[in-house]
2 protein chains.
Amino acid sequence: MTCVYRAPEKHPHCGTVWLVATAAADATREGAGVATLSDVARRAGVSPATASRVINGSSKPVTEELRERVLRAVAELQYVPNAHAQLLARSHRGAVGVIVHDVSDPYFAEITRGLQRVATDQGRLLMICNSYRDPERELEYVELLRGQQVAAIILAGSGYHDADFTRLLNGKLTAYEATGGRVAVIGRHEHSGDAVMPDNRGGGELLGRELCRLGHEHIGVVAGPRVLTTTTDRLTGLRAALAEHGRELPEHRVRYANFDRDGGAEATAALLDAEPGLTAIAALNDSMAIGALALLRDRAVPVPQRVSVFGFDDMPMARDVTPALTTVRLPLVEMGSRAMALALDPGAAGPRVESLPAELIFRDSAGPAPR
Amino acid sequence: MTCVYRAPEKHPHCGTVWLVATAAADATREGAGVATLSDVARRAGVSPATASRVINGSSKPVTEELRERVLRAVAELQYVPNAHAQLLARSHRGAVGVIVHDVSDPYFAEITRGLQRVATDQGRLLMICNSYRDPERELEYVELLRGQQVAAIILAGSGYHDADFTRLLNGKLTAYEATGGRVAVIGRHEHSGDAVMPDNRGGGELLGRELCRLGHEHIGVVAGPRVLTTTTDRLTGLRAALAEHGRELPEHRVRYANFDRDGGAEATAALLDAEPGLTAIAALNDSMAIGALALLRDRAVPVPQRVSVFGFDDMPMARDVTPALTTVRLPLVEMGSRAMALALDPGAAGPRVESLPAELIFRDSAGPAPR
DNA sequence: AGCGGTCAGGTAAGCGCTTTCCTACAAGCC
DNA sequence: GGCTTGTAGGAAAGCGCTTACCTGACCGCT
């Protein structure tokens, strides 16, 4: 990955995204006639070795005259080196693989920003894969990334409560590590190696304490899928904090749905239908909270006068909805950069786990419980 | 791209994103000892050729016994083929490259969704590059993608008013096409080949007519960078519609800023400071419109009673802000899928240009001009 | 003149895979 | 038995590049 991508230092934050569709690419042999290094060498009247040296700025010296001839040939033929051949010949691993649920989800977009920052600083290629919350696809992507010879794999996003899957995934990751690959996880419990953990449980506790402080007794929880550890961690923290204050959260006041806007609206509707007297809706992520707000608006329920709404994550959008969302902030960008730093630093032998704290951001969507 | 990525048909919408940092990756030679095809062959007691045939499900028949031995060896060694070597050996182009301004921008996220849908259907790898609106980086990425041997390059997003750049870019694209690569653009004028064009001008006209219908006379425009053709196209349409109704838009009522939320807030502030009497703010994209709404809320200006706000694009978020945004919808997902279809279909000789219509979505942020 | 020491540049051996072509063997026929 | 035919499997030639190693020219030295 050298030569052609000139002057990288000019663009410290440049980045590229590759979207890879896994389906078997039975591409045709399109387009012959791409100029190769030998073509350049022939045209310049030198050996391929010399051409390669000029093009890569190798340490081996080349006379000014030959250098110029080569560069002229490169320009004339519009030569661009074949990246696959280079990678193969150098047999080194330049890229880093990342598996997230969905990059277009702001939660992961922020994490990705952090990952990218560090990766770019270190001149690394980043390959990001969307699993769309499908465990099997995660397994597939681990293999795909292995095949792409990435130097490290970073798994971001919630893990799954599924022992079989966890064992399988761990097996694959361990095999990968055995061949010199590095692994880091963000907010998942599966892997026993390096990890960056947002304090989901602690964030849940913050939420619970705030609910108590505001005097809410009738609380409904809009939760993500129960197979996700993120959901259960946040819920556990919330319950613990409520328990401190002698309150409890019965299971029928927790509704599980998709971790997105529509899931949030759906779960909120179900909660309100079952118990119209709720004074607070705690959504376990901001997307769901926004869905909750939308539903409440549709039903003309005043927020926060009748019902307070809480989110989780503090996505950029949280401040732009009306009323602005009270939420638990996680340092997403930092989570990304820390994880990448761990993955790229072979460092310590033992697994390193960094925990990052949550923080409550109070905005307009929450208020004291009405009486 | 075969074998290991099993059962792709099970996951019709799977996809992966690669984020590529361009900086020169001077990666170390990490991790030796990865199992190769020869290792598998040796362990199975067959030739590499046979192993390859089994693993790829080649058409050439292999006895059941050998096949099993190979598969067992694959499993035991946790073998994953080296994707670069495969690509090199097959010397075919499987992936499609995409250059956008920024995938985490909802506008491009939607387009990408469309691109991805078609790419996945055709079993193509997709590589997406963020240019962050830097023309030079676009040029770099064209080369990078060429080096990655992509079958097609799709350029999405606004073009630039910069003749030098356009010439340079066209040169590179033409060179790429000469070697059998295919090019399609989305919403850009630069390239003379296949293109999908959103009707930015027509959308601007819709906006202008709506403003007139509502009786607005004092209109401020919150515009993106003036070097972007998207900005000027939309503005041209808007001006044309206003002219139809005998109104004109003086240049001092147009403020140019970044095409994002903060740019929108900034431009709106400048407009209102200069002319407190404005009754409508037309933002040339939704992000800017949301920034405008935020600013107006800060200043306690009632929307739409005192000032109406209009957006452009109809990003998913437009319906979740308060008041919900009146905006011009572009069929973003469809633009993506059409473009990919064009790029993958060698089809007609002449350049094909598809124009997709804009549509006005009326929501709460707009109302009649106050008197 | 003869020697070793530089140094620019070329030669060729891979990197890990695919695929063409060839061999060897078994089957089927007169 | 000798012949053709069919077929499973192997040998080997790349794909486009990098790089360790070799060559030969040229220098300065005894």
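All heavy atoms count here, side chains included; hydrogens, waters and symmetry mates do not. Here is the naming used below: chain letters follow the sequence lines, and residue numbers restart at 1 for every chain.
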Selection from C:dG16, C:dG14, C:dT18 that lies nearest to any side-chain heavy atom of B:Asn82: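 Closest of the options to the side chain of B:Asn82: C:dG16.
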Among C:dC17, C:dC15, D:dT19, the nucleotide that comes nearest once only the side chain of B:Tyr79 is considered: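 Among the listed nucleotides, the one closest to the side chain of B:Tyr79 is C:dC17.
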Do any side-chain nitrogens or oxygens of [X] fall under 4.0 Å of OP1 or OP2 in [N]?
{"X": "A:Gln86", "N": "D:dT18", "result": "yes"}
{"X": "A:Asn56", "N": "D:dT18", "result": "yes"}
{"X": "B:Thr63", "N": "D:dG9", "result": "yes"}

Pairwise side-chain contact, [X] with [Y], heavy-atom cut-off 4.5 Å (strictly under):
{"X": "B:Val46", "Y": "B:Val70", "answer": "yes"}
{"X": "B:Met340", "Y": "B:Asp121", "answer": "no"}
{"X": "A:Thr112", "Y": "A:Val98", "answer": "no"}

Rounding to an integer number of Å, can you tell me how far [X] [atom1] sits from [N] [atom2]?
{"X": "B:Leu88", "N": "D:dT18", "atom1": "CG", "atom2": "P", "answer": "12 Å"}
{"X": "A:Leu77", "N": "D:dG16", "atom1": "CG", "atom2": "P", "answer": "14 Å"}
{"X": "A:His84", "N": "C:dT18", "atom1": "NE2", "atom2": "P", "answer": "14 Å"}
{"X": "B:Glu65", "N": "D:dT7", "atom1": "CD", "atom2": "P", "answer": "20 Å"}
{"X": "B:Leu37", "N": "C:dT18", "atom1": "CG", "atom2": "P", "answer": "6 Å"}
{"X": "B:Gln148", "N": "D:dC17", "atom1": "CD", "atom2": "P", "answer": "13 Å"}
{"X": "A:Leu66", "N": "C:dC7", "atom1": "CG", "atom2": "P", "answer": "17 Å"}
{"X": "A:Arg90", "N": "C:dG14", "atom1": "CZ", "atom2": "C1'", "answer": "15 Å"}

B:Ile99 CD1 to B:Ile153 CD1 distance, which is reported to the nearest 0.5 Å: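 Taking CD1 in B:Ile99 and CD1 in B:Ile153, the distance rounds to 6.0 Å.
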Interatomic distance, B:Glu138 atom CD to B:Glu190 atom CD [nearest 0.5 angstrom]: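 So the gap between those two atoms works out to 7.0 Å.
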Sugar-phosphate, base or nothing in reach of A:Ser52, heavy atoms under 4.0 Å: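 Here A:Ser52 touches the bases of the nucleic acid.
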Residues in side-chain contact (heavy atoms from CB on, under 4.5 Å) contact with [X], at least two apart in sequence or another chain:
{"X": "B:Ala341", "value": "none"}
{"X": "B:Glu64", "value": "B:Arg67, B:Glu68"}
{"X": "B:Ser58", "value": "B:Arg53, B:Lys60"}
{"X": "A:Ser47", "value": "A:Ala49, A:Thr50"}

Most 5' of B:Ala85 and B:Pro61 on DNA chain D, judged by nearest nucleotide: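 Whichever sits nearer the 5' end wins; that is B:Pro61.
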Restricting both atoms to N or O, compile the protein contacts to nucleotides 21-23 of chain C shorter than 3.5 Å, with distance only.
residue	atom	partner	partner atom	Å
C:dC21	N4	B:Lys60	NZ	3.3

DNA chain C contacts made by residues 40-50 of chain A, counting heavy atoms under 4.0 Å: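 Those residues are A:Val46, A:Ser47, A:Ala49, A:Thr50.
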